[in-house]
Amino acid sequence: MLQILNEEGRVREGLEPALAPDDLRRIYALLVTTRAADGKAIKLQRQGRFGTYASNLGHEACQVGTAFFLRKEDWIFPYFRDLGLYLTAGYPLALYFHYWMGNEAGLKTPEGLNLFSFAIPVASQILHAVGAGMAARYKKMPLAVVATFGDGATSEGDFHEGLNYAGVFKSPNVFVCYNNQWAISTPRAKQTASETISQKASAYGFNGVSVDGNDILAVLSAVRDALDKARAGGGPTLIEAVTYRMGHHTTSDDATKYRAEDEVKAWEAKDPLRRFQRYLAGKGIWDEAFEKAVQNKADDDVEKAVAEAESRPSAALEDVFAHTYAAMTPQLEDQLAELRGTPREGGR
Ligand SMILES: Cc1ncc(C[n+]2csc(CCOP(=O)(O)OP(=O)(O)O)c2C)c(N)n1
Ligand SMILES: [Mg+2]
């Protein structure tokens, strides 16, 4: 497993990626903003101002590291636990919040951002990403297409079909699996008998690499190499970012029912933010004043996003019924009429 920063934030000789101090500052700010926005989202859900929400605590390095080197022309097919990726890609936080407050409009990507609405059906985005990758190949566009997903997604047919196709046709895909050890209550050991998730790539004829997903430098390096390879026509790569879901699966879950507190505690010591912070301190980039400035800006951005999201219109009542079929079935029309207080004659 590739690790560049150890748990104390010390860097391994010869592996440190060349990043300008301003990039390092920007990466740290993205990590901190992701954590601040995630913490706020959980509080808002507890206050009834958000719907069910999927926590991101512990995933910040995987998410920011995956998106940081993407170019404007690349495409991203994310999943529901990808807040840091959204922020790094430049998605407005207010829109992202608006979605989780219960309005589909929040996932309507602004023009010019090649970011697909995130997938809730586990692994379905992998097929879309491979299709987009093939389109880029046919059009001879030198771009990369990224799909992110969890360890649980690797048990879905869509994962195997997508990676098989990508391998055969050398699509310019980068598959990033956030292996956070759990798929709701299913532990990694019950997900697959493979020793690693990255080794699955060899069955499809391309490279797989496992990286420490709590080490932002390792994620950045592996993803940058894979993006360069994809853009140059070298075909796909599977990256397994080994991390841990520090929170519950969603706000509707209680992880204390199925996992031991000791396990969570052990992962606290591997915190991706603290590790990167120590690295930056060693380089003379991080100090208390910098920390305060970054935190204040993050809190400010988050508060502004909440205010903006809450000032946007609420979802229409019809939305609950309107999007399952191209046209509503008579039963759905009956239900909508009933909800509006005007039940239809003979309605069921
Ligand atoms: C096709 C499909 N089956 C089941 C579900 C219910 N479900 C939602 S998240 C999840 C587990 C996902 O685990 P993983 O892929 O490891 O991602 P993580 O939540 O850990 O980030 C399941 C089973 C779903 N959304 N889609
Ligand atoms: Mg998982």
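Whatever order the structure lists them in is the order used to number ligands and atoms, beginning at 1. Computed from heavy atoms alone, side chains included, the values below leave out hydrogens, waters and symmetry copies. These figures come from a predicted structure and were not determined experimentally.
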State, without any angle test, whether [X] and [Y] hold a side-chain donor-acceptor pair at a distance under 3.5 Å.
X      : Y      : value
Asn180 : Thr243 : no
Asn214 : Tyr244 : no
Asn179 : Glu240 : yes
Asn56  : Gln63  : yes

Using 30° and 60° as the class limits, which term best fits the ring planes of Tyr91 and Tyr96: parallel, tilted or perpendicular? perpendicular

Is the distance between the ring centroids of Trp286 and Phe276 less than 6.0 Å? no

Measuring centre to centre across the rings, with the benzene-like ring taken for any Trp, is Trp100 within less than 6.0 Å of Phe118? yes

Phe149 meets the ring-ring contact (aromatic ring centres under 6.0 Å, His included) criterion, sequence neighbours left out, with Phe159

Connected-component partners of Met328 among ILVMFWY, side-chain separation under 4.5 Å: Leu317, Val320, Phe321, Tyr325, Leu332, Leu336, Leu339

Listing by chain and number, what protein N/O/S atoms are under 2.8 Å from the Mg ion (ligand 2)? Asp151 OD1, Asn180 OD1, Trp182 O

With a 4.0 Å heavy-atom cut-off, what residues sit around ligand 1? Tyr79, Phe80, Arg81, Ile120, Pro121, Val122, Gly150, Asp151, Gly152, Ala153, Glu156, Asn180, Trp182, Ala183, Ile184, His249

